[in-house]
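Note that the structure is a prediction, hence the values are computed from the model and not measured. Chain naming here is simple, since letters A, B, ... match the order of the sequence lines and numbering starts at 1 in each.
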Amino acid sequence: MSDTPAASVMDAIVSLCKRRGFIYPASEIYGGIRGFWDYGPLGVLLKNNIRDDWWRNMVECPPIGPDGQPVEIVGLDSAIIQHPKVWHASGHVDSFNDPMVDDRETKGRYRADHVKVLVPRDGQGNSFAFVEDREAAEKKIKRDARRNPTDYDEVILTTLPPEAYARVVGPDTRTPGTLTEPRAFSLMLDTYPGPIRDEDNKTYLRPETAQGIFLQFKNVVDTTRVKVPFGIAQVGKSFRNEVTPRNFIFRSREFEQMELEFFCPPDDALMWYEFWRAQRMAWWQSLGIDPSHLCYRDHDADELAFYSKATVDIEYKYPFTAPGFGELEGIAHRGDYDLSQHAKHSGQKLDYFDQDLQLRLKEQGTSAEEIKTRSRYVPNVIEPSSGLTRGVLVLLCEAYRRDESRPSGEYLAFKPSLAPVKVGIFPLVNKEGMPEIASKLYMDLRQKYTCEFDAKQSIGKRYARMDEIGTPYCVTIDGDTLKDQTVTVRDRDSATQQRINIDQVGSYLNERLSG
RNA sequence: GCGGGAGUAGCUCAAUGGUAGAGCUCUAGCCUUCCAAGCUAGAUGUUGCGGGUUCGAGUCCCGUCUCCCGCUCCA
């Protein structure tokens, strides 16, 4: 990428995406709607190409496991809307509803349940709030209230009645009464299935596809021949009320995820976590992303969800985070949290009887009692969860090139197999039999590849157009084709040409576009 | 949600309170034997939206929406 400032690189990418039909603002003719984007003719091709590659490498041709055998993964497409109890069981209703308070004076914002308050025991005078720095609050007590901190009790802000807020001094100010009352931030989008809008009907648009997988774990085990360890993969839309949708499609309120829930025996969970951690990085690199633009970020212990034993993010160096990185995929060791939660809330048994393990333990001479307890368990889950729409953004950022020496000035260097359009087919001149030959070649190639036939304007303009949308190859029929059946194939990245026989075009493309 | 900046053709941008423009793109035709060539013609605007001030508003004022930057948030 050039040394242009990050903002201008992003602006150029956003502009190119609209100009050439990759991504448009949603509802644009009505002024747009915050956090939503539409994928245009080329955008949907690019997105589908990433999705199909993921599906192929997960479900149809999964990687080879640690034991040398291909891992077993099946697909699923669950509903976006599920029973409301699902989201209580999963923890989303509680954890996605953090009450927040704002400080009108300092413009700070705090999670209300993280704010603690020192309240005078005799009820006289102001109270002093703090988040972590209790000493600062005590200092204010001594200096501003001229009292002893031991005269105060520590309470959580949310336990105070609303009328008490007027006498609370915010964490980063010395004036009382600047804090707003806690406001709930619901990070899930509500919906009311059924013709009558009734609070009893209230449920949510899923904030992740994963829960649908857990809900069908039992059905998949009972109705297909899978055996633990195995995975269930799903691609689909998810919805979150992000406080601040920002950075093009990076953080939007409707987005698309590619998630795998991999179920394994508790004893092997750490091994599978390491396995997927490596596999997922390898997959992103296989899409043509420069390894130096990707990194792992292990979550610190205090950052982990309470049920997670380990979580790592795969991050990408986006133009708007550079030189830092931003999240692309998370791989979480979720323990047995999800299945246990749903077992508890639904009253259904979601454990698994492991016959293979039973047999192995028997061979090892384990006691009958131990075999019994160890071969029935709630599987642990390793969850590689990636953003498909973030993947689109990453490939656009990664492919974007500036080259002033080119007619187009900029082009997209997608890995050929992922490019929205694979081949441009042009008659050099729109006469003398060339259009007919080009048209015939187009009709032939379109059976296998996304192709564009273009006979308009100068050849340079046509090449430039193809550069801008990232088409890796252009086949041109010229005067020589009429004499010796040869055509030129132009390579996008080098802008050089090669002359081959028209009959070899299919195999030429085959070699370069498969994988 | 807060603060700052911005919004004019598909894109990039002009226009002292006085007739809304340019370049590129795009379309049609001519021309053209390899990199946005040339010629001709054409299309695209309720100046984000809604009010107000004014004889007259793209321009000034108010509201609102969207985008960008910084906070905040992102189990």
Check ion pair A:Arg19-A:Glu468 (N to O, under 4.0 angstrom)
yes
Should A:Arg401 and A:Asp467 count as an ion pair when the cut-off is N to O under 4.0 Å?
no
Taking only N and O in the side chain of [X], is any of them less than 4.0 Å away from OP1 or OP2 of [N]?
X	N	result
A:Gln457	B:U27	yes
A:Lys18	B:C11	yes
A:Arg492	B:C35	no
A:Lys456	B:G29	yes

Using a cut-off of 4.0 Å on non-hydrogen atoms, how would the nucleic acid contact of [X] be classed: base, sugar-phosphate, or nothing?
X	value
A:Ser308	nothing
A:Glu432	base
A:Glu410	nothing
A:Thr244	base
A:Arg490	base
A:Ala305	sugar-phosphate
A:Arg462	nothing
A:Arg20	base
A:Asn247	sugar-phosphate

Relative to A:Tyr316, does A:Arg390 satisfy both conditions: NZ or CZ under 6.0 angstrom from the six-membered ring centre, and within 45 degrees of the ring's axis?
no
Report the distance from atom OH of A:Tyr204 to atom C1' of B:A75, rounded to the nearest whole Å.
15 Å
Rounded to whole Å, please give me the gap between CG in A:Asp11 and P in B:C69.
8 Å
Donor + acceptor pair across side chains of A:Tyr39, A:Thr389 (<3.5 Å)
no
Where do A:Gln216 and A:Ser78 land on the side chain to side chain donor-acceptor pair (under 3.5 Å) test, with the steps shown first?
CA-CA 8 Å; A:Gln216 294 300 353; A:Ser78 68; over 6 Å; no
